[in-house]
Every structure is written in structure tokens, then in C-alpha cells.
Protein chains: 2
Amino acid sequence: MNDIIEKLNQYGIQPTPQRIAVADFVLKTDTHPTADEVWAIVRQRCPTLSRATVYNTLNLFAEKGLLKLPPIKEGVAVFDPHVAPHHHFIDEETGTVYDVPWEAVSVAGEKTLDGYEVREYQVVLRGRRRK
Amino acid sequence: MNDIIEKLNQYGIQPTPQRIAVADFVLKTDTHPTADEVWAIVRQRCPTLSRATVYNTLNLFAEKGLLKLPPIKEGVAVFDPHVAPHHHFIDEETGTVYDVPWEAVSVAGEKTLDGYEVREYQVVLRGRRRK
DNA sequence: GTTCGTGCAAACGGTTTGCAACAAT
DNA sequence: ATTGTTGCAAACCGTTTGCACGAAC
């Protein structure tokens, strides 16, 4: 418990009971919870916890680098007319998604992943468009 | 125009005026439009087109394989307590997201991408969890 | 007493759904 | 007549915001 408080301090986050409770769950889980899942679970221990606080807390954590939002599932649906496999580059300034040709990047090792039967994959790159 | 109709038929989609108009735009663009962007643009040529029809049409297209929803940006935000770089595997049956160790998959060529300054990347894999 | 965090409820934006009108077979 | 498609509006769900209360320094 103290390690949690210390970690919050370490990241410049004032440790409040609610934040500690959220961190205690979210930093120890192996799943990738949604905000509402976090709320449902942490509320059991901290019944006064409101949804807004969970959202605020998670956003704060992400901002401070305690958490990440993986580049999957994060906004609205976009549609891709190119059905053939290719990779994606996301411009971090504008959010624009660019197609990267399949041959431009090569991936190895995906066939031998233990426990996973990979049907398709792609590389998602993030950075800046070079002018 | 006829090639569009033919393509719709080919994918088992009944070609209606609205669907043709949507397909005509969405299959020819290089961008990754959101449903609302599609609506805004196609409505200029087909002013009666409703939002609902655009959503229905795009979902139908995706279902039939005419379009893809890239594994980026597609639902609610999920939070990842593992800040260190790693890859993600998405179980297509359950939607569960698993972490894949960074070393399990190797990527080459991402440094020499012309026009892109890559800051981070990850491989997103999809398939079935092997029991 | 000012600052910061919380809780509530309302607002918001993207997406879906229910339903009545309509077209095509 | 049945089936499938459209348009509208309302519902929906996840998320954000405004605001008043409360705690801490």
C-alpha cells in the first residue's frame, strides 16, 4: 500500500484515497480495463467513488505516465478501403492515419508465439510526419 | 460507376443509390474517414442521405469485407498499466487484449521509413487464443 | 481562505435502434 | 404480400464538464 503512495508521489500525483484505490487495482491487474470496468471494481472497496473521479484519475495517470492508452481502441471508428494487409502510421500532431506498405516493415517471430494463433497482424507506428 | 455496382454485387451487397454513392467515395479515397466524414462528403452529392444510412452502409461494407476497421481507434479507451513497450494480441472471439513481450516479435525497417519520424511502434496481432 | 479533489448531474458526441414510409421483387 | 432499404428521431453508451461541497495546507 505504501509502495502505491510512493509511486504516486514519484509521478507527481497527490495521493488521495480514491487515487490510491484506483492505482491499487489498475497497476496490479494484467487485464486492459476500460474506465467503467475500473469503476465497477474499485467501487466495491470504495463505494463513494464516482465515475467522474475514475475518469479524471485515469486521465491524470495517463498524462503523468503512470499508465498508457495503447494505440488500439481509442477513439471513433475509422474505415479503411484497403483490404490488403498494410501497416499504419499515426501522426501524433494531427491524428492523421497513413498507410504504410506491407513491405516497408518486416516482422519476425509472430508465427511462433506460444499460445496464440495469429490470423493477422499489423504494425502501428506513431511519430511525426517528416516534411 | 458500373465497376462500383459490379463490386457491390460481387460482395453480395445490393446496390442502392445510397450505397453506390458511399462506395464511390470510400473506395476511392486514400484517407481513413470516420463515418461522419463520409456522411458530410457524400451528402453533397446525395443530399437526402441520412446519417443512419451511412452507418448502416459502412457496417454492412465492413461485414462483407469491402472495408476494414483497422485495429486502431475502434471502441472505448483501455488503459494499460505496463508502460514499457510491448505488443498486443487481441482475441477475436472475446475481444480480450493480451500483452505480448517485446522480444517475442521483432520488427525491422521501421527506422528507414521515408517521410516518417517514428517515435514508437508496436505490433497488433489478432487471432485466437490457443488452448 | 485559497487551492485542490470529489461527487453529482447534466451535457456531449459518436453510434445504434425503433419505426413508419417506401421500393423492388 | 413479402422482403429489404431508407430517413427521421429518439435512445444509448462512454466520456467530459460545470458546479457546489469538502478537505488540506
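The chains referred to below are lettered A, B, ... by the order of the sequence lines, with proteins before strands, and numbering in each begins at 1.
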### Task
Would you kindly say whether B:His87 and B:Asp99 are connected by a side-chain donor-acceptor distance under 3.5 Å?
no

### Query
Any luck finding a side-chain donor-acceptor pair between B:His86 and B:Gln122 under 3.5 Å?
no

### Message
When you compare the side chain of B:Thr31 with that of B:Glu37, does any pair of heavy atoms fall below 4.5 Å?
### Response
no

### Query
Under 4.5 Å between any side-chain heavy atoms of A:Arg119 and B:Glu92, yes or no?
yes

Roughly how many Å is it from [atom1] in [X] to [atom2] in [N], rounded to a whole number?
X: A:Phe61; N: C:dG5; atom1: CZ; atom2: C1'; value: 13 Å
X: B:Glu63; N: D:dG4; atom1: CD; atom2: P; value: 14 Å
X: B:Leu60; N: C:dT16; atom1: CG; atom2: C1'; value: 15 Å
X: A:Leu49; N: C:dC8; atom1: CG; atom2: C1'; value: 13 Å
X: B:Trp39; N: D:dT6; atom1: CH2; atom2: P; value: 16 Å
X: A:Asp36; N: D:dC13; atom1: CG; atom2: P; value: 11 Å
X: B:Glu37; N: C:dG14; atom1: CD; atom2: C1'; value: 12 Å

Check: residues 8-18 of chain B side-chain donor-acceptor pairs under 3.5 Å, at least two apart:
residue: B:Asn9; atom: ND2; partner: B:Ile5; partner atom: O; Å: 3.3
residue: B:Thr16; atom: OG1; partner: B:Arg19; partner atom: N; Å: 3.2

### Task
Specify the residues of residues 50-59 of chain B, ordered by number, for which at least one heavy atom lies under 4.0 angstrom from an atom of DNA chain C.
B:Arg51, B:Ala52, B:Tyr55, B:Asn56, B:Asn59

### Query
Starting at the 5' end of DNA chain D and moving along, which residue's nearest nucleotide shows up first, B:Arg19 or B:Phe79?
B:Arg19

### Message
Just verifying a value: how many Å separate B:Leu27 CG and B:Phe61 CZ, rounded to the nearest 0.5 Å?
### Response
6.5 Å

### Query
Distance check: side-chain N/O of B:Thr16 vs OP1/OP2 of D:dG4, anything under 4.0 Å?
no

### Query
Distance check: side-chain N/O of A:Gln18 vs OP1/OP2 of C:dG7, anything under 4.0 Å?
yes

### Message
So that I know where these two stand, are A:Tyr121 and A:Trp102 an aromatic pair - ring centroids less than 6.0 Å apart?
### Response
yes

### Query
When we call it a touch if two heavy atoms are under 4.0 Å apart, what does A:Thr34 touch: a base, just sugar-phosphate, or nothing?
nothing

